Amino acid sequence: MKSDLKAGLSATAAADKLAEDGLNVLESPPKVTFLMLFLIQLTQFIIALLLGACVVSAAINATNKDRRGNPLAYVDSIAIFIIVMLNAVIAASTEASANGALDALSALSSPISTVVRGGAEVEVDSSHIVIGDIVVLGTGDVVPADCRVLSAADLKVNEMLLTGESEDVSKTDKVKKKAPGAAEKLTADTMIFSSCTVKAGNCKAMVVRTGMRTRVGQIAALLAGDGAKQEGCLPDTSANQTPLQVSLGKLSVQIGVLAIGCCLLVFVMGLALGVKDPTGASPGWLYMILISVTLTVAAIPEGLPLTVTISLSTGCSEMVKENVLMRKIAAVETLGSASVICTDKTGTLTEGKMRCVKMFVASTDYDVTGKGFDPTVGSVGAAGAAVAADMSFDGADDRKDDPKVKLLLTSALCCSSTTLTKESEGGEEKWTPKGNSSEAPIVVCAAKCGLWAKDLEPKFPLVTEIPFSSSRKMMIKVTKNECGELAGVEKAGAPNYILKGCDKILRPDGSVTPVTEEDKDALLAKVDELSSMALRVLAIALKPLESLPYDQDAEIEDKFAAIVKNITFVGLVASIDPERAGVKAAIEVAANASIRTVMITGDYLKTAAAIAKNIAILPEDGSLDKTGAVDCNDLRPGDDYLSNPDMDALTARVNVFARAKPEDKLEIVKSLQRQGLVSAMTGDGVNDAPALKEADIGVSMGLEGTEVAKGASDMILTDDNFCSIVKAVEKGRGIYSGIQKFVSFIMSVHFAEVVQIFLCVVSGLPIMRVPLQILFLVLVTDLPPAIALGVEPGEPGIMNKTPRPKTQPVVMPWMWRCIVANGLIMTAGITATYLFAIRKARTVAFIALVWAENLRAYSARSFTKPIWNNMFSNPTMNKAVFLGQICLYCGLFLPGLSSGVLDLHPLPRAGHDGIQAYGWGIAVCGALSCLLGCELYKFAMSFNPPNV
């Protein structure tokens, strides 16, 4: 390091190291601009094909002297262009939604730090700190880089952003040997890490890593990934595509290839048959190019990309009602395909609020009920007693006035520095503890028994306090009584450490007698019993004093040594971070939907397994405790992770991963993805961010989540409730089902339109409709019903089906059969209508097709159920069909629009006698015949229903 432990670096040495190592900042990859994202949308195959058709159509009209000066000749080209541009803007805007994870991560660092340079303490910009600098830190400071502690006084650091655990961690400058069989700690006792906050004490530490080499820098590197790769002139963002986007991309290519094939086939056949322009305005080959363009417009569902975007956006809006905020709209349907949910424990499956649930005093067990930090809910009662709906105990079972209970809680409260107050937040009042999170359950429990710190402080004023440390494993306070006389010593801490100094114990009759080895064995057995239930156990002891056994000027360790002996053991207080209400039921619902829930936590294995059994992640009988739950050290024997096959075999059977590091979570998610599983990852801390980004869908917490986690996620739970995920999964499945329905609907009607035009060409009949009529159908009778299908509520039993495979296409083979069958049925009905009304064919066939497509939209609401099953239960569909009918009659009867633009002639006018009554009748028959055929096909398919 070339640094003096007392004087630190010289200014010259610091400048040299800064030039050598660079600034102490986090790097971020260049962002893809909105313009680039917009251009990427235009390179999609189906969009490029539409743009090509748009240009060709405009060019052909421009070469015709009769059309080139008529603005209406370019309406179809302009309409296609607007649809394409609108879709590209919406898609680019969605993808450009800022991923602020790296910016939020950088904001965690402190701008100014105090360092020792040249023997003097100076303040420097944290970005100019270098390896070898000696930093000086106190309570409230943010650690500017990864440092080795040189000296410390009761130092505690909060490392939640790295480990996910809310407990403050004690740090020291002394290297301790690891006890045999002890679990490996997530962070070393002698190290403090960049962006963590000092919660208590002070220290001097030497910087050992800066910038991207720090722990936080490693997380930043994981978040950044490889960045967007270059593909020609444009960046390649395909790595971030959801399964739906990939599937729609493949479908677009398939549609494009089919459209090109149809166009070439019709063009060649038209030339071979010698088809002429009926108006004589263009040569035959140019007329066939125009027909081919018309066929392209008919073949390609222009509204498909836009409809998908609108459907997903609508789904996002509805998700808000389920307390889910979607950051990336394409992730809506991905959640519906999730086959495994990887979730953090603290604050996600649990409340993130430690609560006292059991006490053990004078060989007697007690139960404690309650909710969160609210002291007005719950009480203390006899163990195993019945609990009322309001969490109270029956009078005979209530023990909150038991003298032994009050003695325990009074001693514990006197040894606590935590307070409980009611605060107003967002118009709501809630109880909030301030101080050590381990003491909060005791303070709340004491308040339920009418004991408050503010009332005890005047009665027992403080004389001496020995704070908790990692070596002492306990906190000690010496107090006076109201008369100013020494009252005694109160101790709270780890049971095994407290017991070492105890020579007396409180008995059931209230007497105090010497403690025996049998008593200690029984107490340790009780501690093990409580610990196996995922409870955090604190022991409470006291010692009456007549005089201080130490000098007031003595060192803390000397005071501790004098006080710690000849203590009376009072009892145990056991707390837990309880599971959220409804979490167990939500996990069971997910299991019924074949969705596996995996807990990944920084907690110890026994604690994690116990909570997993409470919430149905592991069987309660303990049959999978050894195979279903592992310490993450098993993932990386030595320093290297298991090989991919071994890792995949392990993650395929394990549902609980304990003592996890950020890199572990990332490797677990990657392993699950290698197995073809669609993984969702929930989390709230900085440590979760890399896995949130890597997962198919990252789910962050809105209330307790860090901005880093939110920036890396695809969706945010605004209530931090795991249960909302299951509701969102159900909604996501319903949205994907709706997407399948409207894709099937759009594809079937476009297929019918292509076949109808094709038949006109090969049979020598006049072309059934002009390009503008096709665009009218796309915008009026196809797009609104398709959007309505996209918001169709999920069918009953949708959560009893298995998740779809990650590589499953949007259009399944049975759906292709359905598309072709329905398209041919509609072609037969509309072509028959066209032939029967040959004198008014185009108008009658157009009306029949609009009606048929509206009826087909209602039929498409289910692949298996008949049209009359809750036919009008989707108000959006009713509005879409009503809009289609209004537009149809406007197109038919508005002068100028009907004949001048759409070439429709329903009423008698100069040169046309209208379609008359029989034309309307033929249109009705044509539409109903299409509906009948589609419903008959659906009935036939119901004998072998698809898994939808």
Side-chain angles (χ1 to χ4, degrees), residues 34 37 87 89-101 104 237 240-248 305-339 341-343 348 586 590 595 678-684 688-689 691-739 742 787 790-794 798-799 803-804 810 876:
F34 176 82
L37 291 172
N87 177 74
V89 168
I90 292 176
S93 300
T94 302
E95 198 167 339
S97 55
N99 183 351
T237 60
N240 297 323
Q241 288 187 333
T242 67
L244 175 66
Q245 290 171 317
V246 173
S247 185
L248 286 175
L306 184 60
T307 305
V308 170
T309 302
I310 293 174
S311 176
L312 293 176
S313 299
T314 305
C316 289
S317 300
E318 294 188 358
M319 287 278 197
V320 174
K321 301 174 185 176
E322 304 293 346
N323 299 308
V324 174
L325 177 64
M326 302 302 303
R327 292 187 67 253
K328 301 175 183 177
I329 65 170
V332 174
E333 60 78 32
T334 312
L335 185 63
S337 67
S339 48
I341 301 175
C342 301
T343 172
T348 307
I595 300 172
V678 177
S679 65
M681 168 71 189
T682 73
D684 53 9
D688 296 323
L692 286 173
K693 186 178 181 185
E694 180 67 27
D696 295 290
I697 178 163
V699 186
S700 63
M701 304 296 116
L703 297 178
E704 300 296 333
T706 62
E707 291 303 314
V708 180
K710 293 174 186 177
S713 66
D714 300 296
M715 60 178 271
I716 301 171
L717 299 181
T718 57
D719 62 351
D720 285 13
N721 197 333
F722 180 88
C723 304
S724 299
I725 299 176
V726 178
K727 296 177 184 176
V729 167
E730 183 174 5
K731 188 68 182 175
R733 287 189 175 190
I735 289 171
Y736 185 80
S737 175
I739 289 174
F742 78 61
I787 294 172
V791 298
E792 181 76 20
I798 198 168
M799 286 298 283
R804 69 182 187 277
V810 174
T876 308

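Treat the numbers as computed from the prediction; the structure is a model and nothing was measured.
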Kindly compute the distance separating [atom1] ([X]) from [atom2] ([Y]), expressed to the nearest 0.5 Å.
X	Y	atom1	atom2	value
I716	S724	CD1	OG	13.0 Å
L692	I697	CG	CD1	10.5 Å
K731	K321	NZ	NZ	7.5 Å

With sequence neighbours excluded, what pairs up with S339 under the side-chain hydrogen bond (donor to acceptor under 3.5 Å, both in side chains) test?
-> none

Can any side-chain N or O of N323 pair as donor or acceptor with the backbone N or O of L717 at less than 3.5 Å?
-> no

Which atoms form the tightest heavy-atom contact between [X] and [Y], and what is the distance?
X	Y	result
F722	I341	CE1-CG2, 4.0 Å
D696	V678	OD2-CA, 3.4 Å
I595	A338	CG1-O, 3.4 Å
A586	V726	O-CG2, 3.4 Å

Taking the side chain as every heavy atom from C-beta outward, state whether S713 and M681 have any atom pair closer than 4.5 Å.
-> no

Side chain to side chain contact (heavy atoms under 4.5 Å, CB included) filter on E322, not counting sequence neighbours, yields K727

Under the side chain to side chain contact (heavy atoms under 4.5 Å, CB included) test, residues paired with A728 that sit two or more places apart | M319, V324, L335, M715

